[in-house]
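Each chain gets a letter, A, B and so on, in the order the sequences are listed, and its residues count up from 1.
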Amino acid sequence: MSDPAVTPVQPTFDQFGLAAEILKAIAEQGYTTPTPIQAQAIPVVLSGRDVMGAAQTGTGKTASFSLPIIQRLLPQASTSASPARHPVRALILTPTRELADQVAANVQSYAKHTPLRSAVVFGGVDMNPQSAELRRGVEILIATPGRLLDHVQQKTANLGQVQILVLDEADRMLDMGFLPDLQRILNLLPKERQTLLFSATFSGEIKKLASTYLRNPQTIEVARSNSTAANVTQIVYEVAEGDKQGAVVKLIRERGLKQVIVFCNSKIGAGRLARQLERDGVVASAIHGDKSQLERMQALDAFKRGEIEALVATDVAARGLDIVELPAVINFDLPFNAEDYVHRIGRTGRAGASGDALSLCSPNERKQLAEIEKLIKKPLEVERLVVDAPVRHQREERERGGRRERDDRRRSGTFERGAHHRHAPVDDFFFKPYEPSPAAIKREEAPNPEPVGKPASKQPLAALLGGFGMPRKTTSS
DNA sequence: AAAAAAC
């Protein structure tokens, strides 16, 4: 579908007629050439038209709306200190707090040579500093919906003069059940305004939202939706569920990964994996919705500063987060929602850099893998990954089934519970035969040896070669 | 099925 002829002269930021203060900030950020979405969106936003934008994160989407918004607000910018002279004129809504924070940092840097003021408000942190900042007056407000409505109720935010609204990651906001909040916010805004809607996909719901709240929008689409970047190498490793942790350590060590996000499907799983990685000598930290906002921000900052090797995350970090030049992401679990796969691996291979997306797939995740391949319209390369010293306790606990005590889960990861390890794992055939390496033998002699499991010879060779061909005994209905 | 987001 893409037309190779449409890559003419290198465009520059000068061509848009942006103010010198903005161009200066862009240059200071080290940007010279607009990305495709920027080249397309900036003129349209400057013209005042509504926009329906489809763009992956990592395509320069934030600048594509921030820069022209700043330009459009600039002529009205007041240097007056009076808060009344600084009503909210542009409102940017995002689904997650981290994304709000990040967009705000970008806006701040683009507007730093202008008199425009920006602020960010989101939940999980003290409202008072936010209220104080809002009272001082801001032209550009970045927010998550819930906290914004809170401020509206407290009368610290007045949306009556908003001229430009941005709905960033709109599909995500709908997924997260923000529609009622969005509707309430939209009803507070002037009808006469410019609305920019960005979404990874144009689902029926998104189209409905757009037809209700956008006026004659210009559609902008860069890179087909649901596609994955060509510069990202995707590998799927088939691995038994209980060996995933060992597999992560192995991948990090073998590939010498200094900065990697490891995605898990559950908050408990993410917390547990982070602790286990730490025990294996990987500097790791978890980020998920049960962590306090402070912990979340600290983990993210430490990761960005390179103080953490592995950031173990739920899908709170799947979208929008921009960590420069992330060399790799690992999917510890395959996401339930195939679209989330695209978002997760969008964390690597940013802005032309190459990246690796490494996914662990256990036998019971075959269906998810198939869904992903269907969505991205290409088969994924599947390799076997042999883990020398499998850590089996997790799987055993799970497969012991009903006998599990309620808080087993929380304490899993403790090796000391030897009595619980007497059952042989049932799905060892997955990557057998098991040939212990010297390191594995050493570990077998360690204080709490794991049973190695049923001899592999009992399993048909086809199971080994075919890998995913074996049906898994269902453990529940 | 799980995650996210206001107090």
Which donor-acceptor pairs under 3.5 Å do the side chains of residues 308-315 of chain A make with protein atoms, sequence neighbours left out?
| unit_1 | atom_1 | unit_2 | atom_2 | d |
| --- | --- | --- | --- | --- |
| A:Glu309 | OE1 | A:Val283 | N | 2.8 |
| A:Thr314 | OG1 | A:Val316 | N | 3.4 |
| A:Asp315 | OD1 | A:Arg344 | NE | 2.8 |
| A:Asp315 | OD1 | A:Arg344 | NH2 | 3.3 |
| A:Asp315 | OD2 | A:Arg344 | NH2 | 3.3 |

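Distances were taken from every side-chain heavy atom of A:Gln153 (C-beta onward) to each of B:dA6, B:dA2, B:dA4; the shortest belongs to B:dA6. Comparing atom distances between the A:Thr314 side chain and each of B:dA3, B:dA6, B:dA5 picks out B:dA3 as nearest. With B:dA1, B:dA3, B:dA4 as the choices, the nucleotide that has an atom nearest any side-chain atom of A:Phe336 turns out to be B:dA1. In this structure, of B:dA5, B:dA6, B:dA3, it is B:dA6 that holds the atom nearest to the side chain of A:Phe122.
Following rounding to the nearest Å, A:Asp175 (CG) and B:dA1 (P) show an atom-to-atom distance of 16 Å. Residue A:Asp181 contributes atom CG, which lies 13 Å from atom P of B:dA5 at whole-angstrom precision. Distance, A:Leu174 CG to B:dA5 P: 16 Å, rounded to whole Å. Atom pair A:Gln293:CD and B:dA5:P shows a separation of 7 Å (rounding to whole Å applied). Spacing between atom CG of A:Leu148 and atom C1' of B:dA6 amounts to 11 Å, rounded to whole angstrom units. The separation between A:Phe263 atom CZ and B:dA3 atom P is 14 Å, rounded to whole Å. Here the P atom of nucleotide B:dA5 and the NE2 atom of A:His288 are 12 Å apart, to the nearest Å. One can place CG of A:Asn265 at 7 Å from C1' of B:dA2, the figure rounded to the nearest angstrom.
A salt bridge is absent between A:Arg172 and A:Glu339: the closest approach of a Lys/Arg side-chain nitrogen to an acidic carboxylate oxygen does not fall below 4.0 angstrom.
Neither OP1 nor OP2 of B:dA5 sits under 4.0 Å from any side-chain N or O of A:Arg172. The phosphate of B:dA5 (OP1 or OP2) has a side-chain N or O of A:Arg97 nearer than 4.0 angstrom. Checking the phosphate oxygens (OP1, OP2) of B:dA5, a side-chain nitrogen or oxygen of A:Arg296 falls inside 4.0 Å. Checking the phosphate oxygens (OP1, OP2) of B:dA5, no side-chain nitrogen or oxygen of A:Thr96 falls inside 4.0 Å.
Contacts of A:Gly124 with the nucleic acid, taken as non-hydrogen atoms under 4.0 Å apart, involve only primed sugar atoms and P, OP1 or OP2.
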- Decide yes or no on side-chain contact (heavy atoms from CB on, under 4.5 Å) for A:Arg72 and A:Gln194, but give the supporting numbers first. CA-CA 11 Å; A:Arg72 273 173 60 73; A:Gln194 182 180 13; 2.9 Å; yes
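No donor-acceptor pair closer than 3.5 Å links the side chain of A:Glu98 to the backbone N or O of A:Ala317.
Each side-chain hydrogen bond (donor to acceptor under 3.5 Å, both in side chains) pair with one or both residues in residues 180-193 of chain A, not counting sequence neighbours, appears once here: A:Glu192-A:Arg215, A:Arg193-A:Thr195.
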